[in-house]
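What follows is a short report on a single structure.
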Amino acid sequence: MTPGTVVRVNGPVVEAEGLAGVAMRELVEVGRRRLPGEVIALESGLAIVQVYEYTGGTRPGDPVARTGRPLSAELGPGLVGGVFDGMLRRLSGAGDFLGADERISALDRSRRWRFLPAADAGGHVSAGALLGVVQESQALEHRVQVPPGVDGRLDWLSGEREVDVDEPIATVGGIEVALAHRWPVRLPRPYRERLEGRVPLSTGQRVLDLLYPIARGSTAAVPGGFGTGKTVLLQQMAKWCDADVIVYVGCGERGNEMADALHELRELEDPRTGTSLLARTVLIANVSNMPVLAREASVHTGVTVAEYFRDMGYDVVLIADSTSRWAEALREVASRTEQLPAEEGYPASLASELASFYERAGRVRTLGGREASVSIVGAVSPPGGDMTEPVTAHTQRFVRDFWWLDRDLAYARHYPAVGWGQSWSRDAPALAEWHFLEGDAAWGSRRERALGLLAEADRLESVAQLVGATAMPDRERLVLLAGRLLREAVLQQSALSELDAYCAPAKQSALLDLVLALHDRFGELLVRGVPASQIESLDFSEVIRARETTPPDGGAELARVAERALSRLEELL
């Protein structure tokens, strides 16, 4: 293919001519440093290219070479536990800005893997069929499958041996299959059928699992202003949710936050496998000091990696922090290519770009016949906490769960600061049915009671601030007391506590049952003539401290706390 030439450089956007036959979204190499770029527009013989590296030194007349393929991710064993940039190139250093020559390919060519065959040669195989396995990490078995688009007779399959990622391990219909292959990041990987999301994804965070649950294969947004705890909440999900694989995309975040996340994932022990949490995590770090346009590709790269592990039969959670900075990259591209701006300067295609990202989530039956899922959780950083700005407003249209972080709760040191005033979950009705079938018939009614109590306590709190709590009727004073216990004993959760950072479903239910039982008992005592002042004078500190004094799965210990608290109430009679 004859190379073209650069005719204009506008920051990270380059115009090139002479690229005969070039296609939209084709990957090209710009300048003598062969900077990677993607064709985003074709106009009157010119190709408009967004370059994913710093273009300093690039000038008109420099060569532009076609590659003949779209922007693709290199997929294979060795991704888990690694740190990559927005184009899935392994970062060989940490902390500082890395140039193109300091980034290496995603997979380690020097490493050899022990391949264990799991099929017999001679039969017909199609995409998704299992050929063998390699042990990628202590926590994850890498399943080597026939890549999408390959179908035919399994002519040859390697025996057990050490191979690198490029060595053929099978021949299918005359096509050699290796451990690694490439896949276009903007093209969703195929599957057999989409399944309903009726299985909960346990996050280990009580306010989410009890009030605003998310299903496997669903989508959630976490909007919140500066200082409300978005990154901490997402990192808690990455550490404690019960997914098989975590893909964490740091999209325009600060480098120190990604460094902290990497350090904690390496140090913390996975409660399911006993190994490091990093052994089931892929970290994509396109932080704020890296090229801004690679940020635009990073979320597509992340979801492609997530789909790759989904096709092996794993449940995957993709965490994008934050989609607002991804949208800012889209806005920069739009302004440099002189697109007509829409609201607040974002391109008119913002809604469709968000939709194309979130719609790649789902619980599916893979080509190989396994049930697996990709769940997507994206942080949103609205300027000044404005929930009406375009990114937040459009995101609400495409997600099934909305975890709104309340600034007032955060400033009151209530974490996680998920506000019950504007948060919602569309997955809750289906998950209530799942809990019913699993033997917890009261799950849905328990959730509704908790939400109703919070709403009523909030309404009465505004009245109490005007007239004083002691001037209110006894019943309303006890609603305020029960609401305080619900907030402090159940919904608050410390990410720094060894016993409270993660909460198992049994302990979650026991804590909520305890507070609701106390609320019911308050009403019974009031009917029997016990004044609210006597109930308020009791010491409920043991109930409030129970979340940090009982182990993460401490349902039995909480039963004893409940017995002592209810017995103290009985003494009032």
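- Side-chain contact between Pro190 and Leu367 is present, with heavy atoms from C-beta onward closer than 4.5 Å.
- Side chain to side chain, Ser373 and Asp315 meet the donor-acceptor criterion of an N or O pair below 3.5 Å.
- Arg295 is linked by a salt bridge (charged side-chain N to carboxylate O under 4.0 Å, His left out) to nothing, counting only residues two or more places apart in sequence or in another chain.
- Looking only at atom types and distance, the side chain of Ser541 has a donor-acceptor partner in the side chain of Asp539 under 3.5 Å away.
- Within 6.0 Å of CZ in Arg413 there are 12 or fewer heavy atoms belonging to other residues, nucleotides or ligands.
- Looking at residues two or more places apart in sequence or on another chain, you find no salt bridge (charged side-chain N to carboxylate O under 4.0 Å, His left out) involving Asp260.
- Asp209 and Thr203 are linked by a side-chain donor-acceptor pair at a separation below 3.5 angstrom, with hydrogens and angles left out of the test.
- Counting heavy atoms from C-beta on, the side chains of Asp406 and Thr228 never come closer than 4.5 Å.
- Between the CZ atom in Arg446 and the CD atom in Gln508 there is a gap of 10.5 Å [rounded to 0.5 Å].
- No donor-acceptor distance shorter than 3.5 angstrom exists from the side chain of Arg194 to the backbone of Val364, with no hydrogens or angles considered.
- The CH2 atom of Trp443 sits 13.0 Å away from atom CG of Leu437, with the distance rounded to the nearest 0.5 Å.
- The aromatic rings of Trp326 and Phe357 sit tilted relative to each other, their planes meeting at an angle between 30° and 60°.
- Side chain of Ser202 to main chain of Cys241: no donor-acceptor pair is present (N/O by atom type, distance under 3.5 Å, no hydrogens or angles).
- When atom types are taken as modelled, the side chain of Gln145 and the backbone of Asp311 share a donor-acceptor pair closer than 3.5 angstrom.
- Residues Arg400 and Asp427 are paired through a salt bridge, judged by an N-O separation under 4.0 Å between the basic side chain and the carboxylate.
- The distance from the CD atom of Glu548 to the OG atom of Ser497 is 4.5 Å, given to the nearest 0.5 Å.
- Between Arg365 and Glu371, the closest heavy-atom pair is NH2-OE2, 3.4 Å.
- In this structure, CZ in Arg449 is found 8.0 Å from CG in Leu453, a value given to the nearest 0.5 Å.
- Below 30°, between 30° and 60°, or above 60°: for Phe522 and Phe540 the angle between ring planes is above 60°, a perpendicular geometry.
- We find that Arg363 and Glu196 are not joined by a salt bridge, their nearest charged nitrogen and carboxylate oxygen being 4.0 Å or further apart.
- In this view, Arg528 satisfies the side chain to side chain donor-acceptor pair (under 3.5 Å) rule with no residue, not counting sequence neighbours.
- Here the options are Val377, Val418, Ile319, the test is side-chain contact (heavy atoms from CB on, under 4.5 Å), and the partner is Val222; only Val377 passes.
- For the atom pair CG (Asp513) and CG (Leu558), the distance works out to 10.0 Å, reported to the nearest 0.5 Å.
- Checking side-chain atoms of Arg206 against main-chain N and O of Val490 turns up a donor-acceptor pair under 3.5 Å.
- With a 4.5 Å cut-off on side-chain heavy atoms, Pro416 and Gln493 count as touching.
- In this structure, Lys230 contributes its side chain and Leu405 its backbone to no donor-acceptor pair below 3.5 Å.
- Ser352 places a side-chain N or O within 3.5 Å of a backbone atom of Ser349 that can act as its donor or acceptor partner.
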Exercise for the section: For His142 and Tyr308, run ring-ring contact (aromatic ring centres under 6.0 Å, His included): C-alpha distance rounded to whole Å, both residues' side-chain angles, the deciding distance at 0.1 Å, then the answer. Expected result: CA-CA 11 Å; His142 191 104; Tyr308 177 61; 5.6 Å; yes
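- Between the side chains of Arg477 and Ser533, no donor-acceptor pair of N or O atoms lies under 3.5 Å.
- For the pair Trp240 and Gln236, the minimum side-chain heavy-atom distance is below 4.5 Å.
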Practice task
Please assess Glu328 against Tyr346 for the test side-chain contact (heavy atoms from CB on, under 4.5 Å), listing each intermediate value before the final yes or no.
Solution key: CA-CA 8 Å; Glu328 289 168 3; Tyr346 288 105; 4.3 Å; yes
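- Here the OG-CG distance, from Ser509 to Leu516, works out to 10.5 Å after rounding to the nearest 0.5 Å.
- Across every non-hydrogen atom of Asp401 and Ser425, the tightest pair is OD1-OG, 2.7 Å.
- Put simply, the side chain of Trp403 never gets that close to the backbone of Pro223: no donor and acceptor are under 3.5 Å apart.
- Checked against salt bridge (charged side-chain N to carboxylate O under 4.0 Å, His left out), Glu359 has no partners two or more places apart in sequence or in another chain.
- For the pair Gln138 (side chain) and Ala279 (backbone), a donor-acceptor distance under 3.5 Å is absent.
- Residue pairs meeting the ring pair (Phe, Tyr, Trp, His ring centres under 6.0 Å) criterion with at least one partner in residues 445-469, sequence neighbours excluded, do not occur; the list is empty.
- A salt bridge is defined here as a Lys NZ or Arg NE, NH1 or NH2 lying under 4.0 Å from an Asp or Glu carboxylate O, and Arg186 with Glu296 meets this definition.
- Using modelled atom types, one finds a donor on one side chain and an acceptor on the other under 3.5 Å when comparing Thr392 with Glu389.
- The distance between the ring centers of Trp424 and Phe402 falls below 6.0 angstrom.
- Taking both residues in full, the closest heavy atoms of Leu518 and Ala565 are given as CD2-CB, 4.1 Å, listed atom of the first, atom of the second, then distance.
- Put simply, the side chain of Arg487 reaches to within 4.5 Å of the side chain of Trp420, judged on heavy atoms.
- Qualifying salt bridge (charged side-chain N to carboxylate O under 4.0 Å, His left out) partners for Glu141, counting only residues two or more places apart in sequence or in other chains: Arg143.
- One N or O on the side chain of Thr304 and one on the backbone of Val185 form a donor-acceptor pair closer than 3.5 Å.
- Using a 4.5 Å cut-off on side-chain heavy atoms (C-beta onward), Ser218 and Ser375 make no contact.
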Problem - side-chain contact (heavy atoms from CB on, under 4.5 Å) between Leu211 and Leu451, intermediate numbers included - result: CA-CA 7 Å; Leu211 301 186; Leu451 289 172; 4.2 Å; yes
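- Of all non-hydrogen atoms in Ala532 and Asp474, the two that sit nearest each other are N-OD2, 3.4 Å.
- Taking both residues in full, the closest heavy atoms of Ser381 and Arg325 are given as OG-NH1, 3.7 Å, listed atom of the first, atom of the second, then distance.
- By the 4.5 Å heavy-atom criterion applied to side chains, Phe84 and Thr301 are not counted as neighbours.
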Practice task
Report the C-alpha separation of Tyr248 and Met258 in whole Å, then their side-chain angles, then the decisive distance to 0.1 Å, and conclude whether the side-chain contact (heavy atoms from CB on, under 4.5 Å) test is met.
Solution key: CA-CA 9 Å; Tyr248 195 104; Met258 294 302 296; 3.9 Å; yes
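- Contact between Tyr415 and Gly227 at its shortest, heavy atoms only, is OH-O, 3.9 Å.
- For the residue pair His394 and Arg397, a side-chain donor N or O sits within less than 3.5 Å of a side-chain acceptor on the partner.
- With a 4.5 Å cut-off on side-chain heavy atoms, Pro551 and Glu557 count as touching.
- No hydrogens or angles considered: nothing links the side chains of Thr366 and Arg370 as a donor-acceptor pair under 3.5 Å.
- Ser324 places no side-chain N or O within 3.5 Å of a backbone atom of Val380 that could act as its donor or acceptor partner.
- Ionic pairing of Asp500 and Arg545 is not present here: no N-O contact between side-chain nitrogen and carboxylate oxygen is shorter than 4.0 angstrom.
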